[in-house]
Amino acid sequence: MKLKIFTIFFFSALIALSLSCRKAELLQPEQPKVIQLSITGASDVALEYLYKDSIIATPPVGSINVKTLLSVKDQNATLKVRKKGSTEILLTKTITAVPFDQNISLFYDGTKIYNSAISLVVKGFVVSGEIEFLLDGNLLSSGTSIVNNTFFILIDKGTTREVTIRKKGTTEILFTKTIQSEIARQNIDFFFDGTKIADNVKLTPPANPANMMISAKFETIFAPQFKNVDVDIVFYTKPTSAAITTAGTKVTPELRLTLKKDGSFNSIELPPLPGANYIYSFDVFEAGTNNVPYTTTASPFVNAAFPFKQNEGRYGSISFEANSSKLFIIKDTKNLAGATKSTYFSGAITDLSQYFK
């Protein structure tokens, strides 16, 4: 009987002790965890960041760089983003108790929040008129003459956006580029002649550093007489001290740069000149021939006092610069040489290289 009473007493004491321990455990408050949150990006308007319904940051317009410590219990919490002074929530992000370092990227253009951005570098030259750049059909910028802009394009990861170019006052799209979210820096290099865009404009260095790379397009100012054919630029060399009436020396083996009648660019590498005081000169021929690409039996080419002769490198001056890349527009010219009583065809060069460096 005594043993039975002792056993009952023992188990009663054990249960009481267990219950008291549980009550003590329940009295211990849940320990919060601290995490470090970094928010980076950019915004066109002022934003407020709220955590547990309290404002924790209001960075200025522009670049966003917020770093703060937050207390998080075992259950998740939320970060909210809104325009400063507004109640509308633009973004809600879950904040977890782990890991310690957590990062959020956001970019806001005043309309939509994106989680990524890329740089778009646009370089080009507009011969005439004005062109407009559109992002997903909305006007981004416009430009005339020299264009050298860097745009900050907001984009969500894993998606694409579209940049198009048109002539101002028209709806026809002249050029389209798809923007990828994975490429941090993207480029558009173009040439606009007033009607169409060439987007293959590249200042590629020569394969041989001793050479000079030339990328060129051909334009005629003698449209009624031009045969509308592809042309060859045939290269000569001559001393800078030589008289204009002195023919050049044709490069051997012959160097021909074929330029398409559609105005597209083509390239060639020129080897070093015979000496420091030399230049390159050139003739303009119908592609694959030694014939001029014009009908010379009509005005303004008919001139009994100055009959037509081949240029033979008398005109068309190109200075040489080793390990460089040049971008030229070559427009035809008609030269009258009184000393030789002759009419010579050649080309005048507009150097656009400086606009694409």
Donor-acceptor contacts under 3.5 Å from residues 38-60 side chains, at least two apart:
residue	atom	partner	partner atom	Å
S43	OG	V45	N	3.2
S43	OG	V45	O	2.5
E48	OE1	R82	NE	2.8
E48	OE1	R82	NH2	3.2
Y51	OH	S71	O	2.9
K52	NZ	S71	O	3.1

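K260 has a carboxylate O that lies under 4.0 Å from a charged side-chain N of D230, or vice versa, which qualifies the two as a salt bridge.
Residues Y108 and I104 share a single hydrophobic cluster, defined by chaining ILVMFWY side chains whose heavy atoms lie under 4.5 Å apart. Follow the hydrophobic side-chain contacts under 4.5 Å out from I64 and you reach L90 in the same cluster.
When atom types are taken as modelled, the side chain of E219 and the backbone of D193 share no donor-acceptor pair closer than 3.5 angstrom. Under a 3.5 Å cut-off, the side chain of S346 and the backbone N or O of T333 do not form any donor-acceptor pair. Side-chain atoms of N115 come within 3.5 Å of backbone atoms of K157 as a donor-acceptor pair (strictly under, hydrogens ignored). A donor-acceptor pair under 3.5 Å is formed between the side chain of Q102 and the backbone N or O of T96. With hydrogens and angles disregarded, a donor-acceptor distance shorter than 3.5 Å links the side chain of D332 to the backbone of I221. In this structure a side-chain-to-backbone donor-acceptor pair under 3.5 Å is present from D232 to G288.
Distance CG/N228 to NZ/K261: 5.0 Å, rounded to 0.5 Å. With values rounded to the nearest 0.5 angstrom, T171 atom OG1 is found 7.5 Å from I173 atom CD1. The CD1 atom of I268 lies 10.5 Å from the CE atom of M212; values are rounded to the nearest 0.5 Å.
Note: F222 and Y294 have perpendicular aromatic rings, judged against thresholds of 30 and 60 degrees for the angle between ring planes. Ring planes of Y280 and F320: tilted class, angle from 30 to 60°. The aromatic rings of F226 and F218 sit tilted relative to each other, their planes meeting at an angle between 30° and 60°.
Surrounding NZ of K196 are more than 12 heavy atoms belonging to other residues, nucleotides or ligands, all under 6.0 Å away.
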(request) Any chance you could lay out the side-chain contact (heavy atoms from CB on, under 4.5 Å) test for L134 and L140, step after step, and finish with the verdict? (result) CA-CA 5 Å; L134 298 95; L140 180 65; 5.8 Å; no
(request) List the steps and the verdict of ring pair (Phe, Tyr, Trp, His ring centres under 6.0 Å) for F265 and F191. (result) CA-CA 10 Å; F265 284 86; F191 176 86; 5.6 Å; yes
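Residues satisfying the side chain to side chain contact (heavy atoms under 4.5 Å, CB included) criterion with T350, sequence neighbours excluded, are I329, L352.
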